[in-house]
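Remarks on the structure that follows.
For the single chain, residues carry numbers from 1 onward in sequence order.
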Amino acid sequence: MFTEGIRYDIELLDGVDDKGGHCITTYPGRYVQDQDGPLIKINDGANGHMIINTHSAAFFRAIKSGMQ
């Protein structure tokens, strides 16, 4: 599903809007460093690394980024 070294715009349902409802947060241009089943390890910019479970309800989608 994912290719290591390719950048993706990752969208997660982990944000909160001004009314307290859930909303999508986009993490643009993150590259996949490793994949193990449904788990992907991405470079999270200045914060280092982030592990995302793509089977989680919080995972919305990933789109190949134009920031290759």
Side-chain angles (χ1 to χ4, degrees):
M1 182 172 166
F2 293 92
T3 304
E4 292 176 25
I6 298 293
R7 291 185 183 272
Y8 294 86
D9 296 336
I10 308 289
E11 295 183 349
L12 302 177
L13 296 168
D14 65 348
V16 179
D17 64 19
D18 57 349
K19 296 180 182 174
H22 295 286
C23 63
I24 296 171
T25 303
T26 301
Y27 298 88
R30 304 303 198 240
Y31 71 89
V32 174
Q33 293 183 307
D34 193 18
Q35 179 178 358
D36 184 13
L39 302 178
I40 59 172
K41 180 179 180 181
I42 64 169
N43 181 304
D44 192 24
N47 297 327
H49 303 98
M50 184 174 181
I51 304 293
I52 297 173
N53 182 349
T54 60
H55 287 183
S56 167
F59 179 77
F60 186 66
R61 68 180 170 183
I63 303 168
K64 282 188 181 179
S65 174
M67 300 176 59
Q68 302 301 323

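- In this structure, Gln33 CD and Glu4 CD are separated by 9.0 Å, a value rounded to the nearest 0.5 Å.
- Interatomic distance, Phe59 CZ to Leu13 CG, rounded to the nearest 0.5 Å: 10.0 Å.
- When hydrophobic clusters are built by joining Ile, Leu, Val, Met, Phe, Trp and Tyr residues whose side-chain heavy atoms come closer than 4.5 Å, directly or via intermediates, Val16 is not grouped with Tyr27.
- We find the OG1-CD distance between Thr54 and Gln35 to be 7.0 Å, quoted to the nearest 0.5 Å.
- Counting heavy atoms from C-beta outward, Asn43 and Arg30 have side chains that stay 4.5 Å or more apart.
- The distance from atom CG of Asp14 to atom OG1 of Thr25, rounded to the nearest 0.5 Å, is 4.0 Å.
- Rounded to the nearest 0.5 Å, atoms CG (Asn53) and CG (Asp36) are 10.5 Å apart.
- Clustering ILVMFWY residues whenever any of their side-chain heavy atoms sit less than 4.5 angstrom apart, transitively, puts Ile42 in the very cluster that holds Met1.
- With Tyr8 contributing its side chain and Arg61 its backbone, the two residues share no donor-acceptor pair below 3.5 Å.
- Between Tyr31 and Ile6, the closest side-chain pair of non-hydrogen atoms is not below 4.5 Å.
- Nearest heavy atom pair, residue Ser65 against residue Gly29, reads OG-CA, 3.8 Å.
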> Would Asp9 and Thr26 satisfy side chain to side chain donor-acceptor pair (under 3.5 Å), going step by step from the backbone distance to the final call?
Replying inline: CA-CA 7 Å; Asp9 296 336; Thr26 301; over 6 Å; no

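- Under the 4.5 Å side-chain criterion, counting only non-hydrogen atoms from C-beta, Asp34 is not in contact with His49.
- Atom NE2 in His22 sits 9.5 Å away from atom CG in Asp17 (nearest 0.5 Å).
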